[in-house]
A.B. asks: 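Can you read through this structure? Questions will come right after.
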Amino acid sequence: MERIFVAIASYRDRECQWTLKDLFVAASFPERIEVGICWQFDPEQDQDCFCEPCPRPEQVQVIEVALADARGACWAKAKALSLLGEQEFVLLIDSHMRFAPGWDVQMIDMWRQTGNPKAFLSTYPAGYEPPDDRRFNTPRLTPVKFFERVMSMNSVLLDMPRPLPSHLVAGGYLFGRREMFVEVPYDPYIYFIGEEVTHAARYYTHGWDGYTPNQCVIHHYYERKAAPRHWDDDKAGWSQINRASYNRIRHVLEIERTADPEALIEIEKYGMGRVRSLAQFQGAIGVNFNAMLIDRKRNESVAAIEQSLTQPVPPRSAHEIHSLAVHACRHGNFLLPRHDAYIAKSMIEYGEWTEGLLQLLAGLFSPGAHVVEVGAGFGAHAIPLSRLVGAEGMVTAVEQSRRMVDLLHANLALNQIDNLRVVHAQAAPLPGAIEVEEPVFRNEGGNFGMLKPLPLHDWRKMVRSIALDGEAWGAIDCLLIDTPGCVAEVLAGARRLLAGQQPVVVVNADNAEDAVRSADLLRAAGYRLWQHVSPFYRADNFFQKVDNLFGGLASMSLVGLPDDRDISGFGASPRN
């Protein structure tokens, strides 16, 4: 007889005593049920929470917590789960539940119907009203909206012939093998909102698969308007915990990096797995976290759900303005020139552009850094860089094309980016002015990122030239220069910056002659040099497309480090 450990977090909940009674009374084999409760209560005010005796007190373990020590829902759930023994299955529930007769047998039977040893069951269960007015339905979890850039869920009612894959998690009904709860421990540093999507992503990336139960075996009390809440009792402390929780969630889901130490406590222990990627999780559930887009068609019917799960389609906007269109990509919404031959084409087809270079950059600076990108274009790298530096950091994007600057501003608005400033200028050895022949987006096959500056003849096309040494932008931690063929000229105007501040420098090295001159300038400034290659096509691209439209094309970068660190782990190799 396989045993079930039931974990319950209860905060001053009078319903908990009836939940505890019902789960034993309704079970076919109550002797195989063992319970762990994290009980947060006030002994004087909450005596009415303990009127009904438990049918099997010897099978219940309790951690008693004073109200002053409570830290939120996930903290309490982690406490309850800490009482787990060697039971084969775990059921994590809220403290206000009712149970169908034989729920224990039915739940294990549904789990077996998946045919998947790494399956778990989860959903928002059918409701009830105390004392025992129950509703009977089988809801399926579905993404519904974003709050503070974190995805939340609702449910749709479906009649299902068997448990269906969903990969989503409800914090009040989660059933699976004990190995899952041991391998992926519940994160106690998440307060409440964001708990479910974060744990769903962690389970998925560790190789566990979520399913929607097709039988109604548990009921939940939703209308708890008069029930005491932790955030009401701890008005002074909960908001600080909640703020750190939001920073933590956005960091773990790679929406925005943070340097907040309160948000990063034991972050390695409660991070993503390595079996599958976070991008694959978003594709599986039809959501783009950074773009805040949800593919709602996936929830129209059981057939649509099954088809979309076997053949995921990346969410995209159908809105087009002549030769421009908005696309949902790995790092957010982007207004893109659809006829561009390289950068926009890659983002439209694969949802990303030289993602390998971004992964390298993420390892070269910390949250809170100031990154300057010269040749920012429409923001293919600047937008994700602004998230990598976090809310405490800053990105300065320098771009000479007015049309690209317009697109960059549009993409900032689409993605609600507040820590990126745009500088419309050409970075050069000396201050001055040039003329820019703007790209024509309706022309097919154009490389809109390659613009050659011209001598100034028409003041209407004038763009100012700046030397980085002459700009009062404060301390710079990382300098990224993506101006193929003109990198050495930009570096020539940054000699004092390189000598004085010693930022990490990453420059485009696709032009061999320009790369040699750039390397000489960086060596003269005391830098150790590495080189890095980022293919245009990656098999693990965001849209998981297998057709390689770029062949062996790749972007070569030169990395200048002011110290002796080893970056070979990011795919870089030393350059003599």
Side-chain angles (χ1 to χ4, degrees), residues 342-343 346 352-365 369-377 380-382 384-385 388-389 395-400 426-429 447 449-453 467-469 476-536 538 550 552-576:
Y342 296 105
I343 301 177
S346 177
E352 62 188 39
W353 166 247
T354 55
E355 185 66 20
L357 177 58
L358 277 172
Q359 293 172 359
L360 167 70
L361 288 165
L364 295 179
F365 57 81
H370 178 198
V371 176
V372 172
E373 181 183 11
V374 178
H381 286 156
L385 285 173
L388 289 173
V389 301
V395 173
T396 299
V398 183
E399 173 56 45
Q400 63 182 355
Q426 178 214 30
N447 184 358
M450 290 289 290
L451 299 176
K452 185 176 181 180
L468 297 184
D469 281 340
I476 298 173
D477 301 289
C478 180
L479 174 60
L480 172 62
I481 304 175
D482 191 9
T483 56
C486 303
V487 171
E489 295 180 11
V490 178
L491 290 173
R495 285 190 174 96
R496 290 198 306 274
L497 170 65
L498 299 179
Q501 296 194 29
Q502 290 279 284
V504 171
V505 179
V506 180
V507 302
N508 181 284
D510 292 338
N511 183 294
E513 182 180 347
D514 186 38
V516 170
R517 288 183 289 142
S518 300
D520 291 340
L521 285 165
L522 289 170
R523 288 194 190 94
Y527 282 84
R528 294 171 58 88
L529 300 184
W530 295 71
Q531 63 183 20
H532 180 268
V533 178
S534 181
F536 288 7
R538 298 186 322 133
F550 295 113
L553 291 177
S555 179
M556 180 80 71
S557 296
L558 191 63
V559 183
L561 299 180
D563 48 45
D564 295 331
R565 81 183 88 172
D566 186 339
I567 59 172
S568 56
F570 296 100
S573 57
R575 172 163 173 159
N576 297 328

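What you see below is based on every heavy atom in this structure, not just the backbone, and it leaves out hydrogens, waters and symmetry mates.
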A.B. asks: Under the side chain to side chain donor-acceptor pair (under 3.5 Å) test, which residues partner T396, sequence neighbours left out?
C.D. replies: H370, R421

A.B. asks: Which distance, rounded to the nearest 0.5 Å, do you find between the CG of L561 and the CD1 of I567?
C.D. replies: 4.5 Å

A.B. asks: With sequence neighbours left out, write down each residue that passes side chain to side chain donor-acceptor pair (under 3.5 Å) with H381, or none if nothing qualifies.
C.D. replies: T354

A.B. asks: Strictly distance-based, threshold 3.5 Å: is any side-chain N or O of S346 a donor or acceptor partner for the main-chain N or O of E352?
C.D. replies: yes

A.B. asks: Step by step, work out the side chain to side chain contact (heavy atoms under 4.5 Å, CB included) result for F570 and L364.
C.D. replies: CA-CA 10 Å; F570 296 100; L364 295 179; 5.7 Å; no

A.B. asks: Given V504 and F365, is the side chain to side chain contact (heavy atoms under 4.5 Å, CB included) satisfied, shown in steps?
C.D. replies: CA-CA 8 Å; V504 171; F365 57 81; over 6 Å; no

A.B. asks: Side chain to side chain contact (heavy atoms under 4.5 Å, CB included) between L522 and L558: does it pass, once the steps are laid out?
C.D. replies: CA-CA 10 Å; L522 289 170; L558 191 63; 4.1 Å; yes

A.B. asks: Excluding sequence neighbours, so at least two apart, what forms salt bridge (Lys or Arg N to Asp or Glu O under 4.0 Å) with D564?
C.D. replies: R528

A.B. asks: For E373, which residues count as a side chain to side chain donor-acceptor pair (under 3.5 Å) partner, sequence neighbours excluded?
C.D. replies: none

A.B. asks: Would you mind listing every side chain to side chain donor-acceptor pair (under 3.5 Å) that reaches into residues 495-506, with sequence neighbours excluded?
C.D. replies: none

A.B. asks: What pair of heavy atoms forms the shortest contact from V533 to A554, and how long is it?
C.D. replies: CG1-CB, 3.6 Å

A.B. asks: Among residues at least two apart in sequence or on other chains, which ones pass salt bridge (Lys or Arg N to Asp or Glu O under 4.0 Å) with E489?
C.D. replies: none

A.B. asks: Just by modelled atom types, is the A369 backbone N or O under 3.5 Å from a matching donor or acceptor in the D477 side chain?
C.D. replies: no

A.B. asks: Could you tell me the separation between the OG atom of S557 and the CH2 atom of W530, rounded to the nearest 0.5 Å?
C.D. replies: 14.5 Å

A.B. asks: Could you tell me which non-hydrogen atom of P562 sits nearest to which non-hydrogen atom of Y527, and how far apart they are?
C.D. replies: N-CD2, 3.7 Å

A.B. asks: Any pair with a residue in residues 565-576 that passes salt bridge (Lys or Arg N to Asp or Glu O under 4.0 Å), sequence neighbours left out, goes on the list, sorted by first then second residue, please.
C.D. replies: D563-R565

A.B. asks: Minimum heavy-atom separation for P384 to L358, with atom names?
C.D. replies: CG-CD1, 3.7 Å

A.B. asks: How close do C478 and P503 get, counting heavy atoms only, and between which atoms?
C.D. replies: N-CB, 4.1 Å

A.B. asks: Can the ring centroids of F536 and W353 be said to lie less than 6.0 angstrom from one another?
C.D. replies: yes

A.B. asks: Sort and list the pairs that fulfil side chain to side chain donor-acceptor pair (under 3.5 Å) and have at least one residue in residues 503-519, not counting sequence neighbours.
C.D. replies: D482-N508, N508-D510

A.B. asks: Could you measure the distance from the CG atom of L480 to the CG atom of L357? Nearest 0.5 Å is fine.
C.D. replies: 6.5 Å

A.B. asks: Can you name the side-chain contact (heavy atoms from CB on, under 4.5 Å) partners of T483, sequence neighbours left out?
C.D. replies: V374, I481, C486, V487, V490

